[in-house]
S.K.: 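Here you go, one structure.
What you see below is based on every heavy atom in this structure, not just the backbone, and it leaves out hydrogens, waters and symmetry mates. Order of listing sets the numbers, starting from 1, for every ligand and every atom in it.
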Amino acid sequence: MARDYLSVDDLSPEELAGLLDLSAKVKATPEDYSARLRGKSVALIFEKPSTRTRVSFEVAVTSSGGHPIVLSSSELQLGRGETIEDTGRTLSRYVDAIVLRTFEQERLELLAGAASVPVINALSDFEHPCQCLADLLTIGERKGELAGRTLTYLGDGNNVTHSLLLGCTKAGMRVRVATPPGFEPIPQVVHRASEIAGATGGAVETLNDPLAAAVGADVLYTDVWASMGQEAEADERALVFPIYQLNQRVVDRAREDVIVLHCLPAHRGQEITDDVIDGPHSAVWDQAENRMHTQKALLLFLLGLA
Ligand code: CP
Ligand code: NVA
């Protein structure tokens with residue numbers, strides 16, 4: 001059975017820590033890993049747009065000596081109705097791993113069930129587990145020990161929030177999520193994150209007051225108010241979310257040495273202000289870079305080549 005990465009919850013706390021250590025090594029000495037994927041091909045399928053995920057995976061594979069094949073669903077037979085399962089069965093005969101960005105999490109599960117090679121979630125409506133690896137590596141670089149740190153997320157309780165809830169608690173962190181009423185992360189994820197926190201010494205709190213949530217935070221995090229697939233709701237959401245904007249007023253409530261993260265792309269002037277994303281607390285460009293290192297480490301881990 002191939003090992004998949006569809007959710008942050010697919011990793012034990014020990015595996016997550018090991019993967020972050022490997023990511024740091026891959027980043028520090030890329031030359032040691034330059035041939036690690038020699039002879040390996042990785043299919044990258046995108047059913048939604050992408051800048052960072054697409055380019056960072058493609059470069060991660062190439063710079064490890066492997067061959068990435070980037071595909072959009074419209075150019076695959078998927079676009080003409082071939083099933084995701086048959087696509088997985090076929091691709092498994094050619095490639096060593098499949099990376100998929102899609103809508104429903106169920107599509108990833110169907111693909112993983114049919115494929116005989118590792119399947120990686122490159123973002124679904126439910127989770128963004130590759131993003132969370134880069135987020136944790138970045139927090140570790142800036143703050144050292146992850147356990148006991150507080151991350152405050154402001155905005156929509158979305159795919160990125162779900163992965164942060166699961167990943168940060170796995171690392172022993174405290175996560176506070178402040179959303180407008182009705183935009184909370186889904187209760188099953190909050191419940192599971194609380195369960196994880198109970199075992200690791202982390203904590204989970206969901207609230208509606210953004211300024212109260214920011215007090216004492218080591219990390220402030222936000223994401224777009226309308227995710228891919230929710231474009232039709234964007235105007236309506238823009239009326240509800242402004243008080244959750246990550247601006248200087250919020251930064252002033254957090255710890256003096258707070259770092260600011262955003263998975264990007266940012267809608268400047270909406271969920272985050274220019275002065276904050278471009279300001280001294282921002283770590284967003286390191287965070288974006290770390291997508292590449294963590295995904296390289298993830299591929300090595302899943303393929304047993306670490
Ligand atoms: N953060 C992230 O996944 O960016 P892309 O949508 O550009 O891949
Ligand atoms: N929540 C955002 C993340 C983009 C990387 C979306 O799904 O569009």
Side-chain angles (χ1 to χ4, degrees), residues 5-8 23 42-61 68 70-73 99-108 120-139 151 153-168 177-180 183-186 189 219 221-238 240-241 244-246 260-268 270-272 277 282-296 298-299:
Y5 185 58
L6 308 188
S7 163
V8 180
S23 303
V42 178
L44 305 163
I45 305 173
F46 288 87
E47 298 188 320
K48 288 175 176 172
S50 171
T51 297
R52 278 144 290 272
T53 307
R54 185 205 147 145
V55 177
S56 60
F57 258 116
E58 192 165 350
V59 175
V61 174
V70 180
L71 302 155
S72 75
S73 49
V99 177
L100 172 64
R101 168 168 286 196
T102 190
F103 292 85
E104 302 86 13
Q105 182 77 5
E106 192 197 2
R107 253 173 110 62
L108 279 150
I120 296 174
N121 179 357
L123 180 146
S124 67
D125 293 343
F126 182 63
E127 262 206 65
H128 197 358
C130 291
Q131 180 66 51
C132 186
L133 297 177
D135 302 341
L136 292 173
L137 182 64
T138 311
I139 298 166
L151 178 142
Y153 175 95
L154 302 179
D156 184 30
N158 61 17
N159 44 9
V160 168
T161 324
H162 291 161
S163 292
L164 283 170
L165 276 163
L166 297 168
C168 292
V177 176
T179 66
F183 294 91
E184 289 88 359
I186 72 163
V189 176
V219 183
Y221 199 121
T222 192
D223 183 17
V224 292
W225 294 336
S227 286
M228 290 180 275
Q230 298 173 330
E231 288 77 7
E233 294 173 32
D235 289 349
E236 202 183 313
R237 283 169 173 255
V240 181
F241 280 85
Y244 297 86
Q245 183 185 65
L246 182 33
V260 169
L261 299 180
H262 189 311
C263 57
L264 305 176
H267 288 90
R268 288 164 175 261
Q270 286 197 16
E271 76 275 2
I272 194 162
I277 195 170
S282 174
V284 302
W285 311 116
D286 284 353
Q287 181 188 9
E289 177 187 330
N290 284 338
R291 294 293 305 276
M292 187 171 64
H293 308 301
T294 47
Q295 287 159 191
K296 200 186 276 188
L298 177 66
L299 283 166

S.K.: Determine whether a donor-acceptor pair (N or O, by modelled atom type, separation under 3.5 Å) exists between the side chain of Q270 and the backbone of R268.
M.R.: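 Looks like no, no N/O pair under 3.5 Å.
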S.K.: Just need the protein heavy atom nearest to atom 7 (O) of ligand 2, so name the residue and atom and give the distance.
M.R.: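 For atom 7 (O) of ligand 2, the nearest protein heavy atom is N159 ND2, 2.8 Å.
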S.K.: Could you pull out, from M228, R101, R291, the option with a heavy atom nearest to atom 6 (O) of ligand 1?
M.R.: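 Ranked by closest heavy atom to atom 6 (O) of ligand 1, first place is R101.
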S.K.: Is the shortest N/O to N/O distance between R54 and ligand 1 below 3.5 Å?
M.R.: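 Between R54 and ligand 1 (N or O atoms, distance only) the closest approach is not under 3.5 Å.
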S.K.: Can you check whether V284's main-chain N or O pairs, donor with acceptor, with H262's side chain at less than 3.5 Å?
M.R.: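 No: the side chain of H262 does not pair with the backbone of V284.
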S.K.: Fit a plane to each ring of W225 and F241, take the angle between them on a 0 to 90° scale, and name the class: parallel (under 30°), tilted (30 to 60°) or perpendicular (over 60°).
M.R.: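 W225 vs F241 ring planes: parallel.
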S.K.: Would you indicate whether the side-chain heavy atoms of L165 and Y153 approach each other to under 4.5 Å?
M.R.: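 No, too far: nothing below the 4.5 Å cut-off.
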S.K.: How close does the nearest protein non-hydrogen atom get to atom 8 (O) of ligand 2, and which residue and atom is it?
M.R.: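 Of every protein heavy atom, M228 N, 2.8 Å lies nearest to atom 8 (O) of ligand 2.
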S.K.: Which of the numbered atoms in ligand 1 are below 4.0 angstrom from a heavy atom of T51?
M.R.: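 Checking each atom against T51, I get 5 (P), 7 (O), 8 (O).
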S.K.: What's the shortest distance from atom 4 (O) of ligand 1 to any protein heavy atom, and which residue and atom give it?
M.R.: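 Looking at atom 4 (O) of ligand 1, the protein heavy atom closest to it is R52 NE, 2.9 Å.
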S.K.: Could you list the atoms of ligand 2 found under 4.0 angstrom from a heavy atom of D223?
M.R.: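 Ligand 2 atoms under the 4.0 Å threshold to D223: 1 (N), 2 (C), 3 (C).
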S.K.: I want to know if ligand 2 touches S227 in the polar sense, i.e. an N/O pair below 3.5 angstrom.
M.R.: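 Yes, S227 has an N/O under 3.5 Å of an N/O on ligand 2.
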S.K.: Out of the candidates E106, R107, K48, Q105, only one should pair with S124 under the side-chain hydrogen bond (donor to acceptor under 3.5 Å, both in side chains) rule; please name it.
M.R.: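 Answer to the side-chain hydrogen bond (donor to acceptor under 3.5 Å, both in side chains) test with S124 among E106, R107, K48, Q105: Q105.
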S.K.: Please state whether L264 comes within less than 4.0 angstrom of ligand 2, counting heavy atoms only.
M.R.: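 The answer is yes, since L264 has a heavy atom less than 4.0 Å from ligand 2.
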S.K.: Of the side chain and backbone of L264, name the one, both, or neither that has a heavy atom under 4.0 Å from an atom of ligand 1.
M.R.: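 Only the backbone of L264 comes within reach of ligand 1.
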S.K.: Answer yes if the side chains of S56 and Q295 hold a donor-acceptor pair under 3.5 Å, and no otherwise.
M.R.: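 There is such a pair (donor and acceptor under 3.5 Å, judged by atom type) between the side chains of S56 and Q295.
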S.K.: Could you tell me the residue and atom name of the protein heavy atom closest to atom 4 (C) of ligand 2, and the distance to it rounded to 0.1 Å?
M.R.: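 Result for atom 4 (C) of ligand 2: L123 CD1, 3.8 Å.
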S.K.: Any luck finding a side-chain donor-acceptor pair between N158 and T161 under 3.5 Å?
M.R.: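 On atom types as modelled, these side chains qualify, holding a pair under 3.5 Å.
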S.K.: Applying side chain to side chain donor-acceptor pair (under 3.5 Å), name anything that partners S163, two or more places apart in sequence or on another chain.
M.R.: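 Per chain and number, S163 pairs via side chain to side chain donor-acceptor pair (under 3.5 Å) with E127.
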S.K.: Please write down residue, atom name and distance for the protein heavy atom closest to atom 3 (O) of ligand 1.
M.R.: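 Checked against all protein heavy atoms, atom 3 (O) of ligand 1 sits closest to H128 NE2, 2.8 Å.
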